[in-house]
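The structure appears right after this line, and notes come after that.
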Amino acid sequence: MAVLSKPAAEPKFGFSPIPVIDISDPESKQAIVKACEDFGFFKVINHGVSSELVSVLEQEAVKFFSLPKSEKTQLAGYPFGYGSREIGRNGDVGWVEYLLMNANLDFGSVPFPGIFRNALSEYTTSVKKMTCHVLEMITDGLGIKQRDTLSKLVSDSNTDSMFRLNHYPPCPLINKNTNGGKNVIGFGEHTDPQIISVLRSNNTSGLQICLTDTSWISVPSDPSSFFFNVCDSLQVLTNGRFKSVKHRVLANSRKSRVSMIYFAGPSLTQRIAPLTCLIDNEEESLYEEFTWSEYKNSADNSRLSDNRLQQFKKEPVNDS
Ligand SMILES: C=C1C[C@]23C[C@@]1(O)CC[C@H]2[C@@]12CC[C@H](O)[C@@](C)(C(=O)O1)[C@H]2[C@@H]3C(=O)O
Ligand SMILES: O=C(O)CCC(=O)C(=O)O
Ligand SMILES: [Fe+2]
């Protein structure tokens, strides 16, 4: 598979610079805002999501991915269902298989064992609650009076939030003798289009975030924590103050990686534009308004690594 890239730089000082936020402490709200500005990424601890629930969901996901390919592909379909190697429908590939679904699905109706369906339903409910709590800490930290300004965008049962289970099998292509020690891409570089995404994985590393256009840093795995990722729509809502972080996953030669990601998105009709309460008198709005449905359609027609916000950037106004 043509998913090889140059070897990645490892973190430089042997420690991880990724901000760690204790969300049980209300004082953390400024630290979250700073993390969203500097990294577009942070790790959350003391989150209140049951570790038992997480481990049941992971076990059920592992069982699902170990089914014969014919059984898994019965669920195939874009954009909801099982996929293998192909990501999206525009030619992207990775060393990954996945289940992708609307997070507000009636899980009672999906053709999985009861224990899997219940875990999906309880996990998405619990992670959504945590996400709304974090979004409220962010609005507080930004000094926005109405605490639910962001959380209300993702809290309804009609939102277009998504849930994804990814499985990266051990990759035999990673071998110094046969591929010169190059990386194999599990999930290619991209930003997430939604508002905020919440990732949890097993103990296998592979996730990297891009801080500048050239330097990738590895995110040490931590199965008991959640990683929050600022997405494109939150970059727009904050008029570029928060950064939608570019990220990717590298395959591992020996261990499989299982990740679960909740993409908190708005309803299809929601209008996305910089929040007026965040724009100072002299400041210009950097983005044209769009509806989530417009943005999603254009995202679905793009390649993974495309800069999807580019077409919504306003031309700078020249005063002179
Ligand atoms: C190549 C693609 C896959 C993707 C839709 C797209 O056309 C561009 C955005 C991709 C992405 C990245 C974040 C999420 O994993 C995802 C579900 C999303 O909302 O946007 C995927 C899309 C997908 O896998 O369908
Ligand atoms: O699987 C992962 O760890 C990250 C995958 C990802 O970025 C995505 O599905 O959008
Ligand atoms: Fe992503």
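Whatever order the structure lists ligands and atoms in, that order sets their numbers, starting from 1.
- In Pro193, the part holding a heavy atom less than 4.0 Å from any atom of ligand 1 is the side chain.
- From the protein, the heavy atom lying nearest to atom 13 (C) of ligand 1 is Asp192 OD1, 3.3 Å.
- At a cut-off of 3.5 Å, with distance as the only test, a side-chain donor of Asp192 or Ser197 sits close to an acceptor on the other residue.
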Measure and list all N/O to N/O distances between ligand 2 and the protein that fall under 3.5 angstrom.
| from | atom 1 | to | atom 2 | distance (Å) |
| --- | --- | --- | --- | --- |
| ligand 2 | 1 (O) | Asn166 | ND2 | 3.0 |
| ligand 2 | 1 (O) | Tyr168 | OH | 2.6 |
| ligand 2 | 1 (O) | Ser259 | OG | 2.6 |
| ligand 2 | 3 (O) | Arg257 | NE | 3.4 |
| ligand 2 | 3 (O) | Arg257 | NH2 | 2.5 |
| ligand 2 | 7 (O) | His190 | NE2 | 3.1 |
| ligand 2 | 7 (O) | His247 | NE2 | 3.0 |
| ligand 2 | 9 (O) | Asn166 | ND2 | 3.3 |
| ligand 2 | 10 (O) | His190 | NE2 | 3.1 |
| ligand 2 | 10 (O) | Asp192 | OD1 | 3.4 |

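- Where the criterion is an N or O separation shorter than 3.5 Å, residue side chain and backbone included, Thr191 fails it with respect to ligand 1.
- Contacts between Asn90 and ligand 1, counted as non-hydrogen atom pairs separated by less than 4.0 Å, involve the side chain only.
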inquiry  = Walk me through whether Asp22 and Ser28 qualify under side-chain hydrogen bond (donor to acceptor under 3.5 Å, both in side chains).
reply    = CA-CA 7 Å; Asp22 175 354; Ser28 300; 5.4 Å; no
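- If you run ring pair (Phe, Tyr, Trp, His ring centres under 6.0 Å) between His47 and each of Phe226, Phe227, Phe228, only Phe226 comes through.
- Using a 4.0 Å threshold on non-hydrogen atoms, atom 17 (C) of ligand 1 counts as touching the protein.
- With hydrogens left out, the protein atom closest to atom 10 (C) of ligand 1 is Leu304 CD1, 3.7 Å, a heavy atom.
- Of the options Arg303, Met162, Lys296, Arg164, the smallest heavy-atom separation from atom 22 (C) of ligand 1 is shown by Arg164.
- Between the side chains of Thr139 and Asp148, not a single donor N or O lies within less than 3.5 Å of an accepting N or O.
- Using a 4.5 Å heavy-atom threshold, the side chains of Leu150 and Leu234 count as touching.
- In this structure a side-chain-to-backbone donor-acceptor pair under 3.5 Å is present from Asn90 to Asp300.
- Around the Fe ion (ligand 3), the protein N, O or S atoms closer than 2.8 Å are His190 NE2, Asp192 OD1, His247 NE2, listed by chain and residue number.
- Residue nearest to atom 9 (C) of ligand 1, selected from Arg89, His190, Gln194, Arg308: Arg308 (by heavy-atom distance).
- Between Phe163 and Tyr123, the ring planes are tilted. Angles from 30° to 60° get that label.
- When every heavy atom of Val154 is checked against every heavy atom of Cys132, the shortest pair comes out as CG2-SG, 4.1 Å.
- In the displayed structure, Glu283 atom CD is contacted under 6.0 Å by more than 12 heavy atoms of other residues, nucleotides or ligands.
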inquiry  = Run Lys63 and Glu60 through salt bridge (charged side-chain N to carboxylate O under 4.0 Å, His left out) and show every step you take.
reply    = CA-CA 5 Å; Lys63 275 191 217 159; Glu60 289 306 303; 2.8 Å; yes
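- Residues Glu58 and Arg200 are paired through a salt bridge, judged by an N-O separation under 4.0 Å between the basic side chain and the carboxylate.
- Closest heavy-atom contact between Met162 and Leu100: CE-CD1, 3.8 Å.
- The environment of Lys314 atom NZ is dense: over 12 non-hydrogen atoms of other residues, nucleotides or ligands sit within 6.0 angstrom.
- Summary of contacts: the protein heavy atom closest to atom 5 (C) of ligand 1 is Asp300 OD1, 3.8 Å.
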